[in-house]
Amino acid sequence: MQNSPHHGSTPLDCDSGREPILFDAVLYPHRSLSAWAALMVITVMAVVCLAVGGFFLALGAWPVFGFFGLDIVLIGGAFWLNFRHARLLERVSLTASRLRVERVDHWGRRRHWDFQPSWTWVEMADTPHHDTPLTLMSRGQHLVIGRFLNGGERFDFARALRRALARATS
């Protein structure tokens, strides 16, 4: 989670017009492994699999060698899917007249929702669990955000957003 003043270099546009941005946060899934580290893991696994598979190939058990190659392909595919899903992000920006949530899904599709700050509240349990949702509520509309954050991160974000909404509407 990134909560900072507005940057022009963020991947989403905050079409806020001329109003000053009172709150701006970019939420994204935890990325524990960089692309370089994933490449190193796959490389080490490939070397080990080729060495062990080569041993079995030398013994005449050639089908085993193919299964070791299949392992590398499957793990590479899992890393690819993981990095593709890690592209998901949400941006929450607040001005005096609008709370906007913009979401980019793992396919790169963008959607946005606008709320009127004085009619919007943040709903989340005071004792968050792993699956406790963080929901924006306004005039019959509701939007769950930050699903990919853990319970503590969602709780901290909910507190910060509540404070920002209180400042914006006072």
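In this text, all values refer to a predicted model and were calculated from it rather than measured experimentally.
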Just how far is it from atom CE of M40 to atom CG of L33, taken to the nearest 0.5 Å? 11.0 Å
Closest heavy-atom pair and its distance - P117, T95: CG-O, 3.7 Å
N/O donor-acceptor pair under 3.5 Å between S138 side chain and W119 backbone: yes
Nearest atoms (heavy-atom pairs only) where R98 meets D114: CD-OD1, 3.3 Å
Are L59 and V48 connected in the hydrophobic side-chain network, where two residues link if heavy atoms are under 4.5 Å apart? yes
What do you reckon, is NE2 of H142 surrounded by more than 12 foreign heavy atoms closer than 6.0 Å? no
Given Y28 and R87, is the side chain to side chain contact (heavy atoms under 4.5 Å, CB included) satisfied, shown in steps? CA-CA 8 Å; Y28 48 87; R87 293 191 311 184; over 6 Å; no
Can you see which heavy atom on A168 is nearest to which on L22, and at what distance? CB-CD1, 3.6 Å
Smallest separation among heavy atoms of A46 and I72, with atom names: CA-CD1, 3.4 Å
What distance do N150 atom CG and D156 atom CG have between them, rounded to the nearest 0.5 Å? 8.5 Å
Under the criterion side chain to side chain contact (heavy atoms under 4.5 Å, CB included), I'd like the reasoning laid out for F157 against V122: C-alpha separation, chi angles, the key distance, then a yes or no. CA-CA 10 Å; F157 181 74; V122 179; over 6 Å; no
Starting from W121, can I reach L94 by hopping between I/L/V/M/F/W/Y residues whose side chains sit under 4.5 Å apart? no
Is it the case that one hydrophobic cluster holds both F68 and L50, taking links as side-chain heavy atoms less than 4.5 Å apart, direct or via other members? no
For the hydrophobic clusters of this structure (ILVMFWY residues joined by side-chain heavy atoms under 4.5 Å, transitively), does one cluster hold both V52 and F55? yes
Which atoms form the tightest heavy-atom contact between I42 and I75, and what is the distance? CG1-CG2, 4.5 Å
Mark yes when over 12 heavy atoms from residues, nucleotides or ligands other than R147 sit less than 6.0 Å from its CZ; otherwise mark no. no
With distance as the sole test, does E90 use its side chain to make a donor-acceptor pair with the main-chain N or O of G146 at under 3.5 Å? yes
R100 side chain vs S93 backbone, donor-acceptor pair below 3.5 Å: no
Interatomic spacing from CG in L161 to CD1 in I145 - rounded to 0.5 Å: 6.0 Å
Distance col, row L27:CG vs F148:CZ, nearest 0.5 angstrom, shows 5.0 Å
Rounded to the nearest 0.5 Å, the CZ atom of R103 sits from the CG atom of L143 at a distance of 5.0 Å
Taking every heavy atom of G54 against every heavy atom of F65, the minimum-distance pair comes out as N-CD1, 3.6 Å
Does F83 share a hydrophobic cluster with V26, counting links as ILVMFWY side-chain heavy atoms below 4.5 Å and allowing steps through other members? no
S34 side chain to A37 backbone, donor-acceptor under 3.5 Å: yes
Would a distance-only check, ignoring hydrogens and angles, find a side-chain to backbone donor-acceptor pair under 3.5 Å from E19 to S97? yes
Value for CG (L136) from CD (E123), rounded to nearest 0.5 Å, stands at 10.0 Å
